[in-house]
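Got a structure for you, written out below as structure tokens; questions coming shortly.
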Amino acid sequence: MRLELRVCQHCLNRDDGHGGKQKAELLQDMVACAEVIQEYKDVIDLEDVHIRRVHDDEKGKPEALPVVAATIQNDQVVLNDTQLVAEGQDGTMLLYANPDDILTVLAGNVDEISKAVPGDVTVDLSETGARIVAEAGLGADPDDQPGPDAGPGPGPGPGPGQ
């Protein structure tokens, strides 16, 4: 499996006119998660992880995975400059263009890594990013765990996007 995160470099730098502070923080959260995933990719059986910082003249241009998201704005096709592409082992491509979904998927991968390696493998998310991940319900809820005498429960619910 391979991942490619694409983010707007100007937004990441908080340049005026490119989404402001909140968008920059969210993109920084995405990049921070992707960097952890890139470092520990073998732990969760990823073949490769790419982080592409795109500029105005190359919006959405892929580095490794040939899929690009687009939207229609003012009757014109516009390539999304923020997207996550995941290629499965069978060649199936998944494209995430919604920033909340992108962060949720990346944070879910970081969560899986943190369960598999010793030590602290976390990302300090912005307030907005932390809220998005919390609302997604990633990880175990310590208040919703069975007691020591409880038998097997109903099992985990559906995963993200199901």
- Message: Taking Gln83's backbone N and O only, do any of them form a donor-acceptor pair with Asn80's side chain (distance below 3.5 Å, no angle check)?
- Response: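 No, because the side chain of Asn80 does not come within donor-acceptor range (under 3.5 Å) of the backbone of Gln83.
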
- Message: Apply salt bridge (Lys or Arg N to Asp or Glu O under 4.0 Å) to residues Arg6 and Glu4 and explain how you reach the verdict.
- Response: CA-CA 6 Å; Arg6 300 177 203 141; Glu4 183 172 331; 2.8 Å; yes

- How about His50 and Leu5: do any of their side-chain heavy atoms sit closer than 4.5 Å?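 Answer no - side chains too far apart.
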
- Query: For residues Asp120 and Thr122, is any side-chain donor paired with an opposing acceptor at under 3.5 Å?
  - Reply: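 Their side chains do contain a donor-acceptor pair, which is all the 3.5 Å distance test asks for.
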
- Query: At what distance, to the nearest 0.5 angstrom, does CG of Leu46 lie from CD of Glu87?
  - Reply: 11.5 Å

Under 3.5 Å donor-acceptor pairs involving side-chain atoms of residues 37-44, not counting sequence neighbours:
residue : atom : partner : partner atom : Å
Gln38   : NE2  : Val49   : O            : 2.9

- Message: If I take atom OH from residue Tyr96 and atom CD1 from residue Ile102, how far apart are they, to the nearest 0.5 angstrom?
- Response: 10.0 Å

- Mind checking whether Arg53 and Cys8 have side chains closer than 4.5 Å, heavy atoms only?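 Side chain of Arg53 against side chain of Cys8, heavy atoms only: no contact under 4.5 Å found.
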
- Task: Report yes if some heavy atom in the side chain of Asp45 is under 4.5 Å from a heavy atom in the side chain of Met1; otherwise report no.
- Result: no

- With a 4.5 Å heavy-atom cut-off, do Thr82 and Cys11 have their side chains touching?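 SC-SC contact between Thr82 and Cys11 ruled out.
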
- Message: Are Ser114 and Val36 packed together at the side-chain level, in the sense that at least one heavy-atom pair is separated by less than 4.5 angstrom?
- Response: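 No - every pair of side-chain heavy atoms lies 4.5 Å or more apart.
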
- Test salt bridge (Lys or Arg N to Asp or Glu O under 4.0 Å) applied to Glu127 and Arg131, step by step: CA-CA 6 Å; Glu127 184 178 321; Arg131 180 185 47 76; over 6 Å; no

- Task: For the residue pair Val7 and Val54, establish whether any side-chain heavy-atom pair is separated by less than 4.5 Å.
- Result: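 When only atoms from C-beta onward are counted, Val54 and Val7 do not touch, as no gap falls below 4.5 Å.
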
- Query: Is a donor on one side and an acceptor on the other found under 3.5 Å between the side chain of Glu35 and the backbone of Ala32?
  - Reply: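 Between the backbone of Ala32 and the side chain of Glu35 there is no qualifying donor-acceptor contact (under 3.5 Å).
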
- May I ask you to decide if Gly88's main-chain N or O and Thr92's side chain share a donor-acceptor pair within less than 3.5 Å? no

- Item | Residue list, side chain to side chain donor-acceptor pair (under 3.5 Å) with Asn109, at least two apart or on another chain | none

- Has Asp90 got more than 12 heavy atoms of other residues, nucleotides or ligands less than 6.0 Å from its CG?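 Atom CG in Asp90 is packed in, count exceeds 12.
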
- Task: Rounded to the nearest 0.5 Å, what's the gap from CD on Gln22 to OG1 on Thr128? Could you check?
- Result: 4.0 Å

- Message: If we check side-chain contact (heavy atoms from CB on, under 4.5 Å) with Leu12, which of these qualifies: Lys23, Glu25, Met30, Gln28?
- Response: Gln28

- Item | Nearest heavy atoms of Ala130 and Leu125, plus distance in Å | N-CB, 3.8 Å

- Message: If the test is side-chain contact (heavy atoms from CB on, under 4.5 Å), which one of Thr71, Val77, Asp75 qualifies with Gln73?
- Response: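 That would be Thr71.
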
- Message: Which heavy atom of Val123 sits nearest to which heavy atom of Cys33, and what is that distance?
- Response: CG2-CA, 4.0 Å

- Task: Flag the pair Leu3 / Val85 as yes when at least one side-chain heavy-atom distance between them is below 4.5 Å, and no otherwise.
- Result: no

- Task: Could you tell me whether the side chain of Leu26 reaches within less than 4.5 Å of the side chain of Ile132, counting heavy atoms only?
- Result: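 They are in contact (side-chain heavy atoms under 4.5 Å apart), so the answer is yes.
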
